[in-house]
Participant: 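Before I ask anything, here is the structure I am working with.
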Amino acid sequence: MTPDRRALLQAAALGACVPAAAWGAAVATTTPPRRLLRIAFPAPESTFDPPQTNSDYYSSTLIQQILESPLSYDYLARPVRLLPNTAAAMPEVSADGRSFTVRLRPGIYFQDDPAFKGQRRELVAEDYVYSIKRFYDPQYNSGDLYLYEQARLPGLSELRQKALKERTPFDYDTPVEGVRALDRYTFRITLGDDDPRFIYRFADAQIMGAVAREVVEFYGKDIGAHPVGTGAFRLKSWRRASRIELERSPSYRGTVYEGTPGDDPELQRIAAHLKGRTLPLVDAVQVDIVEEDQPRWLSFLNGAYDFIAVPGAYIPLATPHGELAPYLHKRGIRMQRQQQADMVMSYFYMEDPVVGGYTPEKVALRRAIGLAQDQRAYIRHVFGGSGMPAQSTIPPFTSGYDPAYVSEMSTHDPARAKALLDLHGYIDRDGDGWRELPDGSPLRLRMASLADQRSRSANDLLRRQLAAIGVRIEFQIATWSELLKMTRAGTLQMWGYSWGATSPDGGFFLGIAYGPNAGDSNDPRFNLPAFDELFRRQQRLPDGPEREAVMRQAKDILVAYMPFKVHMHRVVTDLVQPWTHGYLRHPFMRDLWRFIDVEPR
């Protein structure tokens, strides 16, 4: 038995008797006991300012508890559906589908902040206009600007280009057709191109969360540390990459749960717990950054966290034979297992002199690297079997996903990989057992990586699989925030991470290869006119067979050129403590902490 496994089993055995002592004895008090939701993130946040997050999942998740978008999702509805949030009703959509008029509910207030100089600050239409314009401001160099640029909001790109050309501050005061306030509580977004699924943008506080102009101007370059919104929680304290503390916002209006749950018994059970209750249910949220799997898992067993996504290495201990382990069941811990609308992938930087390019020998190298990788072994060894091999970039639960679609993306064939390399001149010329480039220079790959145990396991597996076809690889170790900066700068040869859906629109997962998105979501900087044309066509089409056919052609191109090696779609196993109620993953929404309840301890 390994030391890690022995320690884990000891912790599991002790876990049943630890919590009562860990919580401490009850103390008589005249104030209600505090309800504290405790969560662990496996990777650190980067900033609390939406235009500067670059779609960072963990920062985005935190932001969406603080800022609010006009719409949200019905938490327990399946299939998913949108609901008004700060909007008084669903947006009024013009006959041509290019104009969205949003009327806000009066009486929604921002969290108190020194920027407001002691005055209550009501949310108004101009706040959304200003918040959207910030993505176009060159000073933020937003990695998420493409989400608006694809729909071509008239006038906004022109303001951005003027600021860049004249080297002057971005002009927030000039009205533009793309986004404008009609009165105090009404604003309108007008698209310059067809985008039948743009309405989902209104439910994503990461890109349409309202901030107040006076707050941004008050904090200046430090705005990333001072999020001020109208949401259920506000930031109390922040130790970077260590601990984030949120507290219930005294200015939050409070909302009563009135959802329409699906038919699943778990959805019905949670809905019964929430019915008629005012949100949020907890007083505070504590988020710890625990990057290594073992301490995060052991801390959950000892009651330090209220729920956890089981790390892959511990799936066999938590759910042997696919069922919750008896020692966890006896403690009242519940298991939730759900297929995710996400994909885990690695990308090849298409401008790199070794792995990049569109000529046959470059394509052959990327395909050979892909064929050398055993996706099922990757899922088994790195994620504890919790996932399914991916056939394309498009994940389940989104448009364009076809469970019958099969491609080379999931094929493991080292013999074919060797044959491709031999055919295109990647052979061992000096007899040292390693292949050289066609020009005779050394063939060395470089993969960026985090330093945690899961990354080390994935790296070891990849090293062995590539060695089997005579290819060397080195690993460039850095932190999450450092790697995000390097990928934006185009200095990484290869890197891998996951993309999660924030809406049912699978077109996003083609957009990560769209040429104009290079440097933003398109990390490999793939640039192929034929693919770009397919992307634009599917974006304009309504959902249906015609769009599905175009999306399939786009998927085929990505398989053929392989700027991405897509590994898997995750299946997440969550464990929930017996004192935690209301928690359930949603396919797309992230502003769900307000629905979670914990019993005071």
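Computation of the quantities below employed the complete heavy-atom set of this structure, encompassing side-chain atoms and omitting hydrogens, waters and symmetry-equivalent molecules.
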Participant: Does a side-chain heavy-atom distance below 4.5 Å link H569 with Q339?
Facilitator: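 With C-beta onward as the side chain, the pair touches.
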Participant: Do R134 and Y140 form a cation-pi contact, if we require the NZ or CZ to be under 6.0 Å from the six-membered ring centre and within 45 degrees of the ring's axis?
Facilitator: yes
Participant: So do the side chains of L558 and P563 get within less than 4.5 Å of each other, counting heavy atoms only?
Facilitator: yes
Participant: Below 30° counts as parallel, above 60° as perpendicular, anything between as tilted: where do the rings of Y58 and W480 land?
Facilitator: perpendicular
Participant: Assess the side chains of S59 and T47: does a donor N or O sit below 3.5 Å from an acceptor N or O?
Facilitator: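 T47 and S59 do not have a side-chain donor-acceptor pair below 3.5 Å.
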Participant: Return the set of residues passing side-chain hydrogen bond (donor to acceptor under 3.5 Å, both in side chains) with R488 (not counting sequence neighbours), or none when no residue passes.
Facilitator: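 R488 satisfies side-chain hydrogen bond (donor to acceptor under 3.5 Å, both in side chains) with N54 only.
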Participant: When you check the side-chain N and O atoms of S410 and Q391, is any donor under 3.5 Å from an acceptor?
Facilitator: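 Their side chains do contain a donor-acceptor pair, which is all the 3.5 Å distance test asks for.
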Participant: F170 and Y136: aromatic ring centres closer than 6.0 Å?
Facilitator: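 Aromatic pair excluded; centres sit 6.0 Å or further apart.
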Participant: Any non-hydrogen side-chain atom of M208 less than 4.5 Å from a side-chain atom of I189?
Facilitator: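 The answer is yes, as the side chains (C-beta and beyond) meet within the 4.5 Å cut-off.
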Participant: Could you check whether any side-chain heavy atom of Q150 comes within less than 4.5 Å of a side-chain heavy atom of R152, counting everything from C-beta outward?
Facilitator: no
Participant: Evaluate the criterion salt bridge (Lys or Arg N to Asp or Glu O under 4.0 Å) for residue pair R253 and E68; output intermediate values, then yes/no.
Facilitator: CA-CA 12 Å; R253 61 198 176 279; E68 288 190 290; 2.8 Å; yes
Participant: Got more than 12 heavy atoms from elsewhere within 6.0 Å of CZ, R167?
Facilitator: no
Participant: Given side chains that start at C-beta, do those of Y172 and R213 come closer than 4.5 Å, heavy atoms only?
Facilitator: yes
Participant: Which atom pairs, donor and acceptor, lie under 3.5 Å between side-chain atoms of residues 495-502 and protein residues at least two apart or in another chain?
Facilitator:
{"from": "Y497", "atom 1": "OH", "to": "D523", "atom 2": "OD2", "distance (Å)": "2.1"}

Participant: Just so I know, are the side chains of D74 and H586 near enough to count as touching, which here means a heavy-atom distance under 4.5 Å?
Facilitator: no
Participant: Might you confirm whether atom CD of E158 has over 12 heavy atoms from other residues, nucleotides or ligands at distances under 6.0 Å?
Facilitator: yes
Participant: Please tell me whether F564 and F348 form a close aromatic pair, meaning their ring centres lie under 6.0 Å apart.
Facilitator: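 No.
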Participant: Would one find more than 12 heavy atoms of other residues, nucleotides or ligands at under 6.0 Å from atom CZ of F48?
Facilitator: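 Enclosed: over 12 neighbouring heavy atoms sit under 6.0 Å from CZ of F48.
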Participant: Under a 3.5 Å threshold, yes or no: a donor from one side chain and an acceptor from the other, between Q206 and D144?
Facilitator: yes
Participant: Hydrogens and angles aside, do T487 and Y347 bring a side-chain donor and acceptor to less than 3.5 Å of each other?
Facilitator: yes
Participant: For the residue pair S157 and Q161, confirm or rule out a side-chain donor-acceptor distance under 3.5 Å.
Facilitator: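 There is no such pair (donor and acceptor under 3.5 Å, judged by atom type) between the side chains of S157 and Q161.
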Participant: Tell me if the CG atom of D263 is crowded by more than 12 foreign heavy atoms within 6.0 Å.
Facilitator: no
Participant: How would you list, by chain and number, every residue that makes a side-chain contact (heavy atoms from CB on, under 4.5 Å) with S392, sequence neighbours excluded?
Facilitator: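 Once residues adjacent in sequence are excluded, the partners of S392 under the side-chain contact (heavy atoms from CB on, under 4.5 Å) criterion are I394, Y405, K555.
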Participant: Is it the case that the side chains of Y57 and R590 hold a donor-acceptor pair, with the cut-off being a distance below 3.5 Å and no angle test?
Facilitator: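 Note: R590 and Y57 side chains miss the donor-acceptor criterion.
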Participant: Please enumerate all residues that pass side-chain contact (heavy atoms from CB on, under 4.5 Å) together with A125, with sequence neighbours excluded.
Facilitator: A181, F187
Participant: Would you say the side chain of Y148 lies within less than 4.5 Å of the side chain of I132, judging by non-hydrogen atoms?
Facilitator: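 They are in side-chain contact.
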Participant: Angle between ring planes, Y219 versus H226, binned at 30° and 60°: parallel, tilted or perpendicular?
Facilitator: parallel
Participant: Can you name the residues that form a salt bridge (Lys or Arg N to Asp or Glu O under 4.0 Å) with R547, not counting sequence neighbours?
Facilitator: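 Only D505, D543 meet the salt bridge (Lys or Arg N to Asp or Glu O under 4.0 Å) criterion with R547.
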Participant: Which residues satisfy the salt bridge (Lys or Arg N to Asp or Glu O under 4.0 Å) test with R180, sequence neighbours excluded?
Facilitator: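 Salt bridge (Lys or Arg N to Asp or Glu O under 4.0 Å) list for R180, sorted by chain: empty.
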Participant: Could you check if a side-chain atom of Y358 sits within less than 4.5 angstrom of a side-chain atom of N527, using non-hydrogen atoms only?
Facilitator: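 In short, these two side chains touch, coming nearer than 4.5 Å.
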Participant: Calculate, to the nearest 0.5 Å, the distance between atoms OG1 and CZ belonging to T398 and F588 respectively.
Facilitator: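 That separation rounds to 7.0 Å.
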